[in-house]
Amino acid sequence: MVEIEDTHSHGMARIPCYDICVIMRRFLPLLTAVASLFVILSATPTLALDEAERLWLVGERATADGLHGLARRTLERFIEAYPKDKRVPMAVLLLGRAQLGAGDAQAALESFRRAQTFKPPPGRGMEVKFWEAEALFRLRRYAEARDAYDTVVKTDAGSPLAPDALYGFGWAQQELGQSEAAVKAFSELVQTWPEHATAPSATFYRARGLTELKRFAEALPLLEAFRGRYPDHKLGPDAQYLLGWLRLQTGDPRGGLADLRAFVKGHPSHPQATEARRLLNETMARHGDRNELQEAYRTLLAEAPPRAEGLWEAASIAAKLGRESDQQAAWRTLRTQLPDHPLSLRAALELAQDAYKKKEWKGVVEHARAAARSEDEAVRAEAWLLTGEAELKLKHFPAAQKAFESAVASKTIEPSARFRALAGLGLAHEEQRAWKQALAAYESVAGKSSDTTLRDWARERAKAVRARMTPPAGDKKPKSGGS
């Protein structure tokens, strides 16, 4: 299948009871409020709390408000200055969350593992283990993260953390390439906690996993249900793209076109928009009516920046429409805009062949020599053959000879093309009065070619060359010797 962009950010802010964003909405004071509180408590002796209380309060509130830098500095001071305080275990847990929020996953992992050494560990249930799993996931240590998430789910399936842990478990399996296990986890999450905040995302990723497993018939209804139930979800565009792709794969080109058109129209800058346009045009080229084909041609030709694949497809569409001039225009645009692309060199060969039909020999040489730069040996061989035949017509015999020799040397040239090249090589040698070389080429064609017309022609040319090589009887020199 084509590659689908993952717009989900697997991170720490996902748990309803522990989600930093939720807590931020619960505690309205933001940075200014916390800073003000810090100043008031420090500056007003009558209201001031003791130092430990003040550091704890600021660290706890800063963590709740997502002020990770302030929380980290304050909690580090609290832990260092008051190691015997009964709130240190929870401070270590909050410090880990602040470090994780600030992007320092390694430091966070160390804090979460330290927090688990306290008896009992801070937080509720398997909270510390869950955050350890989150830090491991951020560090791309997916196997360890998977095992930690699994421990949370198996130890306390009734915990508010369990759905998030199962979601993380599914993601870790996905990152490990275990699509089957990931699909199973996402399915279990949706079935057990259908109203959980992660259920929509789990539904989408379950469908995507099924798609990767090529279980299209199972994925399709999931995406249809997702689109209907969660029309405004952030993964809605991805679901619409995948749904269109799936419809194409399951034999519904009209449905696929409708979904992909809506996707491109609604999300023109989406990472998958370019791929969607390509699918649209390819599908219209195969299944579209005349108007859709014309629309696809115009769209492909107008792409900016131009794509070699798009211009090549535009040429194919023009051929289906019977518009030869438009087909050549697409090939020429491809040659001009992307001269070194492999498809551009194939287009050069097509232009050379067209020029050959029209007996435009200079045009044949121009395009065929460009095509001869291709890494595709079959393209090179055909290009050299056309070059040689055009150079013969232009009476450029040394150039024709070199072109034919290059064609004959190709290991992948078709037998019929090889004998054409040998015949041309014989003519090039004959025109340059290289009789032995010409004769050898003709005799090879006459003895091995399966084309009777070409074989008979080669025999005639070989006979003529032999005659040129043998002087008339009257021109023979008398033998030397005395009487």
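Both backbone and side-chain heavy atoms feed into the values below; hydrogens, waters and symmetry mates do not. All residue numbers in this chain count up from 1 along the given sequence.
- Side-chain atoms of Y82 do not come within 3.5 Å of backbone N or O of L55 as any donor-acceptor pair.
- The local environment of NZ in K357 is sparse, with at most 12 non-hydrogen atoms from other residues, nucleotides or ligands closer than 6.0 Å.
- Atom NZ of K320 is surrounded by more than 12 heavy atoms from other residues, nucleotides or ligands within 6.0 Å.
- Residue pairs meeting the salt bridge (Lys or Arg N to Asp or Glu O under 4.0 Å) criterion with at least one member in residues 191-204, sequence neighbours excluded, are E195-R229.
- Between the R113 side chain and the E132 main chain, no donor and acceptor come within less than 3.5 Å of each other.
- With S344 contributing its side chain and D340 its backbone, the two residues share no donor-acceptor pair below 3.5 Å.
- At distances below 3.5 Å, at least one donor-acceptor pair connects side-chain atoms of E377 with backbone N or O atoms of K411.
- For the residue pair Q327/E350, the side-chain donor-acceptor check at 3.5 Å is not satisfied.
- Under a 3.5 Å cut-off, the side chain of R380 and the backbone N or O of E375 do form a donor-acceptor pair.
- Taking the six-membered ring where the residue is Trp, H267 and H270 present perpendicular rings, their angle passing 60° and hence far from 30°.
- Counting only N and O atoms by type, the side chains of Y149 and E134 include a donor and acceptor under 3.5 Å apart.
- Heavy atoms only, all atoms of each residue included: L100 and A135 are closest at CD1-CA, 3.9 Å.
- Judged by the 6.0 Å and 45° rule, R208 forms no cation-pi pair with F186.
- Remark: R298 pairs with Q294, E295 by the side-chain contact (heavy atoms from CB on, under 4.5 Å) rule, at least two apart or across chains.
- Note that CZ of R346 is 10.5 Å distant from CH2 of W331, once rounded to the nearest 0.5 Å.
- No donor-acceptor distance shorter than 3.5 angstrom exists from the side chain of T336 to the backbone of T333, with no hydrogens or angles considered.
- Atom CD of E414 is surrounded by 12 or fewer heavy atoms from other residues, nucleotides or ligands within 6.0 Å.
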